[in-house]
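The block underneath contains the structure these notes are about, expressed in structure tokens.
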Amino acid sequence: NLLGRFDTSAVPENTIEQNFFTCSDLGGAEALFKKAAEKNYIGVALLSDKEGVYGLGIALTKGEIYYIPVEGLLTGDYICAALKEIADSTILCSIDVKSMLKHVGLEDAGHVFDTGVAVYLLNPLKSSYTFDDIAREYLDGALLPTRTDLLGKDSLKAAWEKSSDGLMSYACHLAYTAYATREPIENALKETEMWNVYRKIELPLIFTLDSMEKWGIRVKGEELKAYGEKLQVRIAELEKLIYEQAGEEFNINSPKQLGVILFEKMGIPGGRKTKTGYSTAADILEKLAPEQPIVNDILEYRQLTKLKSTYADGLSAVIEADGRIHSTFNQTITATGRISSTEPNLQNIPVRTELGSEIRKMFVPQDGCVFVDADYSQIELRVLAHIAQDQHMQEAFTSGMDIHTATAAQVFHVAPEDVTPLMRRHAKAVNFGIVYGISEFSLAEDIGVTRKEAKAYIDRYLENYAGVRAYMKDIVAKAKQDGFVTTLFGRRRNLPELKSSNFNIRSFGERVALNTPIQGTAADIIKLAMIYVDKTLREQKLQARLVLQVHDELIVECPVSEREQVTALLTEQMEHVAKLSVPLLAEAKSGAAYYDVNTLGSR
């Protein structure tokens, strides 16, 4: 049935109009799917969420675009089964393959093309990758209506329940865009030499992340609730203490009210005035805390209220019926290529304080299982040693010597055995800071020395690590010439900031030029490790599954009987996923809770 053109009353006059057709009977859908299976590739848009499937947009050509609503005999299960069968002979192009995998059980990355992930790779600096943005950029400035134009603020389910024509138009525009942009996007990936990054890293990673999201991670809900109640008791005590010292009740969470109490009423020195009042930022309060009991109490209050709202309450609210949290792992968010975790963020569970790290005790494997956790040791510095071809740094890693001790020995001109803990700490700050283009001012602030001393540390570091010094100079010069930098695997980041007339913006671009090849390569390595670990676990028919990735750390949940095999497999895959001029080292632990296996301290 021809539904006609979409309603143009809510969209700009110069928007392209497109004919779409709706197919709402079983016979028509069967014929359509048969025709789709004969194509080399088609555009698809499965409209779905956690609750179900609402319809399918399907583009056979640029002018032959259909909508199949979920109604009557056209069930969500029927549509998903048909898509799975079509994928055996036809490539499914979609703007969001991972959301489709929640309902269509595909396993082969060769059967899909993910437009959203591909355009992220081509330009990782954007904040979102919507179908109308993609069409405008890759279809000669084509103007398509936005999701809001078509659906307003309605969810997919709400639009489906209303039988909204906008839902049909939305599905068809998604499918059309995925189909029509596939060729220009693939050409762009090949022109920028990122086709292999897309094909060998980003595309298979979609399937690994989907598995992690479906599997989830178990959390002790009752213990988390009790932990929140315990925090609330202490928060109430602190409120009372703070009010007593201030001589009145006020909103502790209001920076404006807090500033007035501390710096005007109580006359505490050290206040810094801003346009909106006094600054009560953590760095200012931390300097005052040793001499001011009320400030110490305020800092503790802030810490505990954050723990309660974000973790005790926040995590409790997202534990699903299976007793597990199913986070979303995003691969199109960060400019560096790193994976992020949202709804909730499981990459930022506290570890620095004892009270905060208590939360990690509540993340546990299912009964009869353990967590096996492996963490890359100083991966960014190892990547730097390889890329810069720095002899001293390579010798330290190859010999197995602690890199921070080795650096301290070089910088302070002492034997390694004479390096003090303070020297090592200072050397560590320089090691990690140098690849971020750290300034002498920032280093001085970080380690509590004068700017003159900090400059001397940096100068001595660069004097001893000549390869690093040459890399820092050469990479910025090359980036200015090319307009971009790449990782060892070919991931590219454009750097328009280097042409800015603004000094601060240009300096930022130079720091990014220094860091992106290092951090981006480390991100590529951890992604490849995730893909290989996930693949090998399945090939060996183990019950173990990858459940979490946090920065340079992978966590696998496995039966106790598989512990030794999984520990060996995890370290083997992580250490041999890339061949560098220095060894990659992954340190593994296993235990009965996330608290027991966390290896963050190994950095």
Side-chain angles (χ1 to χ4, degrees), residues 39-44 59-62 87 89-98 100 106 108-126 128-142 174-209 331-339 387 475 478-479 481-496 512-513 516-517 519-521 523-525 527-528 530-532 577-579:
K39 300 286 183 180
N40 290 329
Y41 66 93
I42 59 172
V44 296
L60 302 184
T61 67
K62 287 182 182 178
S89 59
T90 304
I91 293 173
L92 306 182
C93 304
S94 169
I95 287 173
D96 185 358
V97 166
K98 184 148 65 73
M100 181 169 67
L106 304 177
D108 188 346
H111 293 171
V112 295
F113 184 86
D114 194 303
T115 310
V117 167
V119 295
Y120 158 75
L121 196 54
L122 290 165
N123 182 5
L125 303 181
K126 294 181 73 170
S128 66
Y129 301 86
T130 58
F131 74 91
D132 50 303
D133 278 338
I134 294 168
R136 189 163 50 248
E137 187 162 357
Y138 293 97
L139 297 176
D140 300 322
L174 283 168
Y176 165 75
T177 304
Y179 177 88
T181 60
R182 186 220 167 171
E183 189 176 341
I185 288 170
E186 184 174 322
N187 290 339
L189 286 168
K190 289 173 178 173
E191 285 165 16
T192 55
E193 300 182 338
M194 285 196 285
W195 179 240
N196 277 341
V197 181
Y198 168 76
R199 204 165 49 89
K200 294 183 178 179
I201 300 178
E202 295 299 340
L203 190 59
L205 183 68
I206 295 167
F207 290 78
T208 299
L209 296 179
Q331 67 189 109
T332 61
I333 299 291
T334 70
T336 60
R338 289 270 184 183
I339 296 160
I387 290 179
I475 194 68
K478 190 172 187 327
Q481 179 183 316
D482 298 341
F484 62 86
V485 288
T486 61
T487 69
L488 285 178
F489 296 89
R491 182 184 303 274
R492 179 184 290 199
R493 178 167 174 178
N494 292 324
L495 289 169
V512 172
T516 294
Q519 195 176 17
T521 296
D524 288 340
I525 289 172
K527 284 179 171 180
L528 282 169
M530 292 170 72
I531 294 163
Y532 292 155
V577 72
K579 189 168 177 58

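Quick caveat, the model's predicted, so the values are computed rather than measured.
To the nearest 0.5 Å, atoms CZ (R493) and CG (L125) are separated by 5.0 Å. Distance check, rounded to the nearest 0.5 Å: CZ of R491 to CD1 of I201 gives 6.0 Å. In this structure, C93 SG and L174 CG are separated by 13.0 Å, a value rounded to the nearest 0.5 Å. For the atom pair Y179 OH and K62 NZ, the distance stands at 7.5 Å (nearest 0.5 Å). K200 NZ to I531 CD1: the interatomic distance, rounded to the nearest 0.5 Å, is 11.5 Å. Atom CG in D482 sits 10.5 Å away from atom CG in N494 (nearest 0.5 Å).
Within a 6.0 Å radius of CG in N40, no more than 12 heavy atoms belonging to other residues, nucleotides or ligands are found. At most 12 non-hydrogen atoms from other residues, nucleotides or ligands lie less than 6.0 angstrom from NZ of K478.
The backbone N or O of T130 sits nowhere less than 3.5 Å from a side-chain atom of S128 that would complete a donor-acceptor pair. The backbone N or O of G520 lies less than 3.5 Å from no partner atom in the side chain of T487, so there is not a single donor-acceptor pair. Of the possible donor and acceptor atoms, one in the side chain of Q331 sits under 3.5 Å from a partner among the backbone N and O of E202. The main-chain N or O of T334 is found under 3.5 Å from a side-chain atom of Y120 such that the two form a donor-acceptor pair.
Closest approach of P124 and L121 over heavy atoms only: CD-O, 4.0 Å. When all heavy atoms of G43 and A178 are compared, the closest pair comes out as CA-CB, 4.4 Å. The shortest non-hydrogen separation linking V485 to A479 is CG1-CB, 3.6 Å. In plain terms, the two heavy atoms of D114 and V117 that are nearest each other are OD1-N, 2.8 Å. Residues V197 and G490 share a closest heavy-atom pair of CG2-C, 3.7 Å. Counting all heavy atoms, side chain and backbone alike, A109 lies closest to L203 at O-CD2, 3.3 Å.
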Steps toward side-chain contact (heavy atoms from CB on, under 4.5 Å) verdict (M530, L209): CA-CA 9 Å; M530 292 170 72; L209 296 179; 3.7 Å; yes
side-chain contact (heavy atoms from CB on, under 4.5 Å) assessment of L495 paired with T516: CA-CA 10 Å; L495 289 169; T516 294; 5.6 Å; no
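When each of V119, I95, T115, L122 is tested with Y129 by the rule side chain to side chain contact (heavy atoms under 4.5 Å, CB included), just one qualifies, namely V119. Of the options V112, L92, L106, a side chain to side chain contact (heavy atoms under 4.5 Å, CB included) to V97 is made by V112 and by none of the others.
In this structure T90 satisfies the side-chain hydrogen bond (donor to acceptor under 3.5 Å, both in side chains) test with no other residue, sequence neighbours excluded. With sequence neighbours left out, the side-chain contact (heavy atoms from CB on, under 4.5 Å) criterion links Y532 to L528, Q573, V577. Residues passing the side-chain contact (heavy atoms from CB on, under 4.5 Å) test with Q519 are T336, R338, E380, Y436, N515, sequence neighbours excluded.
Between Y198 and F113, the two ring planes are tilted [angle within 30° to 60°].
The side-chain heavy atoms of I475 and I387, taken from C-beta on, include no pair separated by under 4.5 Å. Between T208 and K527, the closest side-chain pair of non-hydrogen atoms is not below 4.5 Å.
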